[in-house]
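Before any comments, here is the structure.
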Protein chains: 2
Amino acid sequence: MPKRVDHEERRTEIAEALVRVAGRRGLHAVGMRDVAAEAGVSLRLVQYYFQTKEKLLLYGLQHLAAGFGERVAARVRSAGENPGPRAMIEAMLLASLPTDEESRTFHLVYTSYAVLAVTDDALAAQPFMKNPEAAEDAVTALLQQAHEADLTRPGIDSRVEAISLLAMSAGLGTSILVGQRSPESAAAVLNHHLDRIFQDGGRDD
Amino acid sequence: MPKRVDHEERRTEIAEALVRVAGRRGLHAVGMRDVAAEAGVSLRLVQYYFQTKEKLLLYGLQHLAAGFGERVAARVRSAGENPGPRAMIEAMLLASLPTDEESRTFHLVYTSYAVLAVTDDALAAQPFMKNPEAAEDAVTALLQQAHEADLTRPGIDSRVEAISLLAMSAGLGTSILVGQRSPESAAAVLNHHLDRIFQDGGRDD
DNA sequence: ACGTTGATGATACGGCTGTACCATGACGGT
DNA sequence: ACCGTCATGGTACAGCCGTATCATCAACGT
């Protein structure tokens with residue numbers, strides 16, 4: 001046989017090509033030929049590793065979500081050795097804002113998928129709304145933990161605040177994406193709200 | 001000539017057909033033939049009143065935005081004769097949540113347009129990000145007005161709160177759209193945050 | 001009365017898209 | 001050494017989409 005290729009790696013390369021071209025020209029406009037050209041392979045190859053366009057799109061979504069998860073995790077790690085709950089939440093929320101080109105692409109393509117999922121059953125069945133749910137639980141737990149350590153102002157409902165923060169973050173992200181707001185001002189708004197949830201700076205280390 | 005038809009009315013009918021089919025099958029999937037069939041006219045007619053698909057899409061967007069504006073205005077009016085700032089803001093925010101089928105369609109199609117606008121120059125040039133800006137100014141003014149009447153809690157920055165509320169509202173709307181959250185819980189979250197901004201109920205009448 | 005013009009219909013065309021089919025090197029096992 | 005199989009290329013096909021063309025009917029101005 002020829003150089004027995006690592007299928008998973010090849011699929012990843014193609015999926016990344018898909019995301020790149022989708023970020024540049026919009027998800028609705030990507031064809032298999034575009035993906036092939038972007039990945040530097042022939043159309044036949046894309047067909048070979050993904051039999052159908054639908055499977056390619058599904059895999060692209062999974063890859064996108066996984067990459068985003070890693071991004072956020074890395075950002076949280078770089079927030080320090082033992083960060084307080086506030087620093088952790090702040091890192092999570094800021095990591096999901098479309099600041100640099102990579103996260104801009106992520107936001108755009110991910111939103112495109114979300115919009116598609118409303119009218120496409122195959123995408124709707126995909127568990128890519130599991131991610132937000134996990135995020136909500138994580139933020140809720142962090143807020144609860146802060147609450148028990150007396151780091152929050154009184155009268156704070158952890159779950160409601162978590163939902164609000166994530167919804168705000170998503171809404172601000174979209175605003176940045178369409179050019180209505182700058183990343184800096186969005187970050188400032190988020191920080192302002194964190195200030196209203198946490199006592200002083202919310203730092204315990 | 002034949003029954004000298006009212007062009008603007010005809011264009012409106014066709015645009016509404018466009019929005020309906022876009023709400024059902026997704027904006028990316030609508031073709032001129034679908035619009036024609038939905039409107040009950042021939043393909044040629046759609047071409048006649050809008051020369052090109054791009055013009056049809058642009059007009060559809062304007063129509064959508066105008067309809068949404070009317071919806072919100074009606075909701076605010078029905079909030080009472082002389083509602084307080086809080087009731088007004090509440091009406092505005094709740095009106096933009098996708099509760100019934102009509103507002104669901106609006107949200108979906110409008111978001112589709114927003115996503116398209118990121119990669120399509122013709123749509124990006126369209127002033128449909130003017131609407132959110134106006135909403136931000138309106139809410140800011142209402143909050144300021146409430147602040148001057150001592151209806152708000154201390155330490156409230158009108159503009160920041162307006163931005164937050166609108167971003168939250170948008171984010172919650174998307175959550176509802178993709179089935180992550182119920183309209184009721186979203187409304188509850190919004191109300192919770194209004195409670196944190198306004199003293200007691202914020203009613204001055 | 002009639003020609004001009006607005007409104008509508010039917011249909012054809014070129015391009016693009018996803019998919020399928022056929023071909024052909026390149027290696028590994030035996 | 002050879003055969004099967006993995007990997008890859010090239011290309012054809014059917015369908016759809018936006019647009020353009022040709023044709024027709026109906027009414028208004030003069």
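Reminder, nothing fancy here: chain letters follow the sequence lines and each chain counts from 1.
- Contact check of residues 19-32 of chain A against DNA chain C (heavy atom, cut-off under 4.0 Å) returns A/Val30, A/Gly31, A/Met32.
- Taking 4.0 Å as the cut-off between side-chain N and carboxylate O, A/Arg11 and A/Asp6 do not count as a salt-bridged pair.
- Relative ring orientation between A/His193 and B/His193 is described as parallel, the plane-to-plane angle staying below 30° on a 0-90° scale split at 30° and 60°.
- Proximity note for B/Arg44 (side chain, C-beta onward) versus C/dG9, D/dA7, C/dC21: the nearest is C/dG9.
- One can place CD of B/Gln51 at 16 Å from C1' of D/dT21, the figure rounded to the nearest angstrom.
- Rounded to whole Å, the distance from CG on A/Leu43 to C1' on D/dG10 is 10 Å.
- Between A/Leu45 atom CG and D/dG10 atom P the separation is 10 Å, expressed in whole Å.
- Contact annotation: the side chain of B/Leu151 never approaches that of B/Arg86 to less than 4.5 Å [non-hydrogen atoms, C-beta and beyond].
- The distance between atom CD of B/Glu9 and atom P of C/dA7, rounded to the nearest whole Å, is 13 Å.
- Under the rule for a salt bridge (charged side-chain N to carboxylate O under 4.0 Å, His left out), A/Asp121 has no partner lying at least two apart in sequence or in another chain.
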- A/Glu161 and B/His192: CA distance, side-chain angles, deciding distance, side chain to side chain contact (heavy atoms under 4.5 Å, CB included) verdict: CA-CA 9 Å; A/Glu161 296 298 338; B/His192 177 271; 3.4 Å; yes

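- Here the nucleotide nearest the side chain of A/His7, chosen from C/dA7, D/dA7, D/dG10, is D/dA7.
- Under 4.0 angstrom from either OP1 or OP2 of C/dG9 there lies no side-chain N or O belonging to B/Tyr48.
- Rounded to an integer number of Å, the gap from B/Tyr49 OH to D/dT19 P is 18 Å.
- Note on B/Arg77 versus B/Glu70: no salt bridge recorded, every NZ/NE/NH1/NH2 to OD/OE distance being 4.0 Å or above.
- The listed nucleotides are C/dA20, D/dG9, D/dC17; the one nearest the side chain of B/Asp34 is D/dC17.
- When the P atom of C/dT8 is taken as reference, atom CZ of B/Arg11 falls 14 Å away, rounded to whole Å.
- Nearest nucleotide to the side chain of A/Lys53, out of C/dT8, C/dT19, D/dC17: C/dT19.
- C/dT17 atom P lies 14 Å from atom CG of A/Leu18, rounded to whole Å.
- Residues A/Ser42 and A/Arg33 both approach DNA chain D. Their nearest nucleotides, taken by heavy-atom distance, put A/Ser42 toward the 5′ side.
- Distance from the side chain of B/Gln47 is smallest for D/dA20 among the nucleotides D/dA20, D/dA7, C/dA7.
- Regarding A/Asp6, its CG atom lies at a distance of 16 Å from the P atom of D/dC6, rounded to whole Å.
- B/Phe50 comes within 4.0 angstrom of no nucleic acid atom, judged by non-hydrogen atoms across all strands.
- Applying the ring pair (Phe, Tyr, Trp, His ring centres under 6.0 Å) definition to pairs two or more places apart or across chains, those involving residues 82-108 of chain B are B/Phe68-B/Phe106, B/Phe106-B/Tyr110.
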